[in-house]
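Data first, discussion second: the structure below is written as structure tokens.
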Amino acid sequence: MDEKKIRVLIAKPGLDGHDRGAKVVARALRDAGMEVIYTGLRQTPQQIVEAAIQEDVDVIGLSILSGAHMRLCEKLLSIMKEKGLDIPVFVGGIIPRDDAEKLKQMGITEVYGPGTPLSKIVEDIRSICALKR
Amino acid sequence: MKQEIKELLDHYKRGDFRALARLITLCENGIFEDVDEIVEEKGGQIVGITGSPGAGKSSIIDHLALRYVERGEKVAVLAIDPSSPFTHGAFLGDRVRMRRLSTKGVFIRSMASRDGIGGLASAVGNVLRLLSGFGFSRIFLETVGVGQAEVDIMNVADTVILTLSPGIGDEIQLLKAGVMEIADIYVINKSDLEGAGNIRIMVETILSHEKSESDWRRRVVETSCVENRGFEELETAVNDHWKYLKESGELVKRQTKRRRYALISRFLQKIRLIVENADVERLTFDGLKRLLCDDIISVHNDKGG
């Protein structure tokens with residue numbers, strides 16, 4: 001078993017309770033052969049970073065539909081920096097185009113809006129993990 | 001030993017969660033294999049929880065582990081979920097039920113079963129040793145949701161808890177050999193639902209007829225996670241069993257069993273890899289033995305000896 005499995009944390013930060021999208025993405029990543037750790041709803045950025053460290057994941061995926069994406073991502077990235085955790089973070093959800101640009105400048109790797117093909121997410125994660133090795 | 005592992009072990013010894021997490025990954029990927037020769041167990045209790053899917057294993061761990069955390073103990077959870085036999089991917093969802101623990105400094109690790117059969121993952125032996133050596137005083141090990149015959153948990157845990165719940169069937173199911181025989185403690189979860197009392201009576205009846213080799217009297221505890229009931233009694237049962245293991249000398253036997261299991265699963269893993277990469281149409285049993293010898297010799301040469 002020398003081949004390295006890709007491990008992904010799928011998390012829902014903040015106060016929105018809609019996790020259909022997160023589950024659909026998690027399922028697609030599972031079917032692409034990845035090991036997906038799902039945290040469940042209403043996680044604080046602190047909890048998400050802690051989980052990412054303990055689970056030793058290669059990638060974090062956040063699902064945000066609450067509109068609080070700027071604050072949540074800012075907080076998450078700053079805790080990651082503080083803890084020295086340097087892994088890509090993807091965001092999916094309802095994100096206005098201007099905000100998506102700002103998130104990327106902030107350090108988010110990619111932002112996926114409604115209608116993004118699942119295969120694109122799978123490919124992006126695969127290629128970024130291949131780069132890191 | 002690889003330099004990376006050496007450096008990680010230094011951090012691990014200083015109590016760094018990140019180093020522990022990295023080392024677990026290296027165990028899972030077969031890169032760090034000789035854990036038992038490098039890391040010593042430190043004597044924390046390994047509590048195994050098994051039972052069918054949806055019986056409440058993760059929720060029980062959430063309630064039970066919290067009690068130990070509140071007493072100031074260092075607690076870890078290792079939770080296994082199945083890998084797909086087709087894509088080898090996995091959806092690991094045990095953390096969802098353990099949200100309270102994650103804010104209290106508990107180390108939680110989700111693990112895919114990968115090639116493991118018997119309800120565990122093949123790297124479990126090594127990973128448990130890493131957790132024990134890290135100094136956790138209680139380590140909760142959750143199996144995949146099991147059916148009737150996945151009994152490997154009895155080979156690695158000090159204390160085995162079997163989770164049952166209303167609706168699992170009649171006494172005929174409970175009389176079947178396998179999982180029903182291996183527990184030290186039986187939990188009837190979801191006891192707020194109708195039918196829990198009946199199961200309790202059936203289990204107690206079966207246990208009363210059982211000839212047991214040990215002096216431990218197996219317990220039956222009713223719990224309800226929604227009503228937060230029964231966990232004090234469950235904690236007492238877990239503590240009593242731990243005390244029994246130490247006083248009776250049974251603990252040493254369980255540790256030996258664990259070591260044996262870890263060696264066997266490592267070895268089986270090796271054989272599996274060789275067979276998977278071989279041309280099975282032409283492979284004879286003697287041929288397999290030869291391939292295994294070649295592999296051992298090449299490992300020996302790699303180590304420079």
Side-chain angles (χ1 to χ4, degrees), chain A residues 1-13 17 19 22-61 79-80 82-87 118 122 125-126 129 132-133, chain B residues 8 16-31 33 58 76-84 86-116 121-123 131 266 269-270 272-273 276-277:
Chain A
M1 258 296 181
D2 280 6
E3 144 221 15
K4 174 146 170 11
K5 273 258 164 233
I6 297 176
R7 286 172 68 87
V8 184
L9 188 80
I10 297 289
K12 282 222 47 107
D19 61 352
K23 285 173 180 160
V24 168
V25 171
R27 166 75 197 272
L29 299 179
R30 185 203 86 175
D31 288 344
M34 301 178 195
E35 291 180 352
V36 184
I37 296 103
Y38 181 55
T39 64
L41 298 168
R42 290 182 285 277
Q43 299 285 297
T44 63
Q46 183 76 44
Q47 283 173 308
I48 293 169
V49 174
E50 212 47 63
I53 289 173
Q54 295 178 8
E55 300 287 359
D56 191 28
V57 291
D58 304 288
V59 173
I60 298 176
I79 297 171
M80 282 176 69
E82 188 186 303
K83 300 244 174 190
L85 182 65
D86 181 22
I87 54 174
L118 291 166
V122 168
I125 291 179
R126 273 199 188 131
C129 288
K132 288 196 82 178
R133 275 165 210 170
Chain B
L8 285 169
D16 179 2
F17 270 12
R18 171 105 55 94
L20 171 62
R22 284 290 306 145
L23 286 169
I24 291 175
T25 307
L26 295 177
C27 281
E28 284 191 282
N29 292 342
I31 294 163
E33 284 190 303
S58 307
V77 178
L78 180 62
I80 304 172
D81 270 328
S83 294
S84 162
F86 302 110
T87 67
H88 307 292
F91 181 86
L92 311 174
D94 290 321
R95 285 190 93 94
V96 176
R97 315 277 174 223
M98 301 179 191
R99 260 175 284 178
R100 294 189 299 177
L101 299 180
S102 65
T103 55
K104 308 238 178 203
V106 176
F107 183 89
I108 307 173
R109 178 66 177 233
S110 316
M111 200 171 170
S113 64
R114 299 202 183 170
D115 290 331
S122 44
L131 291 170
R266 250 179 84 183
Q269 182 70 6
K270 183 128 263 171
R272 178 194 290 270
L273 268 180
E276 271 174 6
N277 294 319

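Just so we're on the same page: letters track the sequence lines, and every chain starts at 1.
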Please check if any side-chain donor atom of B:Thr103 sits under 3.5 Å from a side-chain acceptor atom of A:Gln47, or the reverse. no
If you count heavy-atom pairs under 4.5 Å between each of B:Ser102, B:Gly89, B:Ser122, B:Ser84 and chain A, which one has the most? B:Gly89
B:Arg99 portion near chain A, given a 4.5 angstrom heavy-atom threshold: both
Checking heavy atoms, do the side chain of A:Leu41, its backbone, both or neither come under 4.5 Å from chain B? both
Charged N-O contact under 4.0 Å between B:Glu28 and A:Lys5: no
Over 12 foreign heavy atoms within 6.0 Å of CG, A:Asp86: no
Reported OG-to-CG distance for the pair B:Ser110 and A:Asp56, which is rounded to 0.5 angstrom: 12.0 Å
Hey, are the side chains of B:Arg95 and A:Gln54 touching, using non-hydrogen atoms and a 4.5 Å cut-off? yes
In chain order, what residues pass the side chain to side chain donor-acceptor pair (under 3.5 Å) check against A:Lys83, with sequence neighbours excluded? A:Glu50
Of all residues at least two apart in sequence or in a different chain, which pass the salt bridge (Lys or Arg N to Asp or Glu O under 4.0 Å) check with A:Arg30? none
Less than 4.5 Å to any heavy atom of chain B: does that hold for the side chain of A:Gln43, its backbone, both, or neither? side chain
Could you tell me which non-hydrogen atom of B:Arg18 sits nearest to which non-hydrogen atom of A:Leu85, and how far apart they are? NH2-N, 3.8 Å
Rounded distance (nearest 0.5 Å) linking atom OG1 of B:Thr87 with atom CE of A:Met34: 10.5 Å
Rounded to the nearest 0.5 Å, how far does CD1 of A:Ile10 lie from CG of B:Leu92? 11.5 Å
Give, as side chain, backbone, both or neither, the part of B:Val106 having an atom under 4.5 angstrom from any heavy atom of chain A. backbone
